[in-house]
2 protein chains.
Amino acid sequence: MLQYARPLQRVIEQLQRLPGIGPKSAQRLAFHILRCGPQSARELGEAISALPDAIGRCSICHNYTEKGICEVCSDPRREQSMLCVVGEVSDLMALERSGEYRGLYHVLGGLLSPLEGVGPGDLTTAGLLQRLEEGGVTEVILATSPSVEGDATAEHLRQLLSRYEGLSVSRIALGLPVGADLDYQDQVTVARALSGRRLMD
Amino acid sequence: MLQYARPLQRVIEQLQRLPGIGPKSAQRLAFHILRCGPQSARELGEAISALPDAIGRCSICHNYTEKGICEVCSDPRREQSMLCVVGEVSDLMALERSGEYRGLYHVLGGLLSPLEGVGPGDLTTAGLLQRLEEGGVTEVILATSPSVEGDATAEHLRQLLSRYEGLSVSRIALGLPVGADLDYQDQVTVARALSGRRLMD
């Protein structure tokens, strides 16, 4: 059967390896890149090629960074006594977008998942405990997603952290999303919103 | 607000310019590229960078090709008297996948669309007429998509080609797709299937 010219076929195959990109999308993207001409193809291609070499993990919190220590950890205006534990860097960014949090982070680099073979040793838990040993942190917020994996990870960390006396360990609130219609929420969310109810002042 | 490290932000912005890729997908793709490491990022990046310089248009039919003349036009086993006219190279590939057609092609490079400012001068119509002037072609199949633009383009070409005596000009059949449920088809498709009915032998 007729194939696309080799360089085009190669781009289509490479794009298909990306998550959520099937054969049709890969073809459409490749045609778009072709149409936009050499300069924008080079801009995109070079940005992608350079990415993994340009970006590393922060040696303290495992956030992505260009330097050894990330922007958050090296910011002295951040509240140094609070630590928010998240699964991935994208979760950290979601919390930053809320504008509500001014402390430090710790990125686990995943969530516990026996099905996918992710155990405690695959996360950056050791680094987290070391940060707590060094002192100065008085509050830890477990902000893993409210999924089976996120809940299991939070519970695992709660047990690990229980031996630090005087350390306050909390879990981000589960409940109704703002603007939601109670009638349209799933029953687990409604149950969690009920059990997590707070007294009104 | 906190931004991703610059090389990461750059890839996310570049990916967002591609069709069908929003901020969330761009972020997910960038994270995937990061996780897969330097080698596969370089493979993808270099394939993209090199694409527009490596691929040109066939000087006869305007198919994409690495050489001056594409694989179809340079294949002597192809039926030289039949010409199938399509809008884009992806349409040519769809016809090839059917395995039903063994003639040559002509890629218009688009479809007439007054709304998007595509007029007859933006298509490769001149090249098509020149091929017909040169002789040897006895049948032209207009295989533009059955959309408003595709139908208008086919009608425009039919008028242009009517001055070639002895040239058979046909339009690909419109009707029900194979495996379709009559009940679920839109009324225009059903109307076209009725008006395009064929005598059974």
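Order of the sequence lines fixes the chain letters, A, B, ..., with proteins taken first and strands second; residue numbering starts at 1 for each chain. The basis for the numbers below is simple: all heavy atoms, side chains too, and nothing from hydrogens, waters or symmetry mates.
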Do other residues, nucleotides or ligands put more than 12 heavy atoms under 6.0 Å from the [atom1] atom of [X]?
X	atom1	value
B/Glu66	CD	yes
B/Glu155	CD	yes
A/Glu100	CD	no
A/Glu133	CD	yes
B/Gln187	CD	no

Handout entry: Atom group of A/Gln27 that falls short of 4.5 Å from chain B, counting heavy atoms
Key =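 Answer is side chain: those atoms of A/Gln27 sit under 4.5 Å from chain B.
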Mind ranking [options] by heavy-atom pairs under 4.5 Å with chain B and telling me who comes out on top?
options	value
A/Val72, A/Leu8, A/Thr65, A/Val89	A/Leu8
A/Met93, A/Glu46, A/Arg35, A/Glu88	A/Met93
A/Gly99, A/Ala47, A/Ala50	A/Ala47
A/Ala5, A/Ser25, A/Ala41	A/Ala41
A/Ala54, A/Gly37, A/Ala30	A/Gly37

Problem - Reported CG-to-CD1 distance for the pair A/Leu51 and B/Ile33, which is rounded to 0.5 angstrom - result: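 Interatomic distance, A/Leu51 CG to B/Ile33 CD1, rounded to 0.5 Å: 6.5 Å.
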Problem - Rounded distance (nearest 0.5 Å) linking atom CG of B/Leu15 with atom CG of A/Leu18 - result: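 One gets 8.0 Å once the value is rounded to the nearest 0.5 Å.
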Side chain to side chain, [X] and [Y], heavy atoms closer than 4.5 Å:
X	Y	value
A/Val11	B/Leu44	no
B/Asp53	A/Arg42	yes
A/Tyr4	B/Ser90	yes
A/Ile21	B/Leu29	yes
B/Glu43	A/Arg17	yes

Would you name the heavy atoms of [X] and [Y] that are closest together and state the gap between them?
X	Y	answer
B/Ser49	A/Gly45	OG-CA, 3.3 Å
B/Leu34	A/Pro52	CD2-CA, 4.0 Å
A/Gln3	B/Glu71	O-OE1, 3.9 Å
A/Pro19	B/His32	CD-CG, 3.3 Å

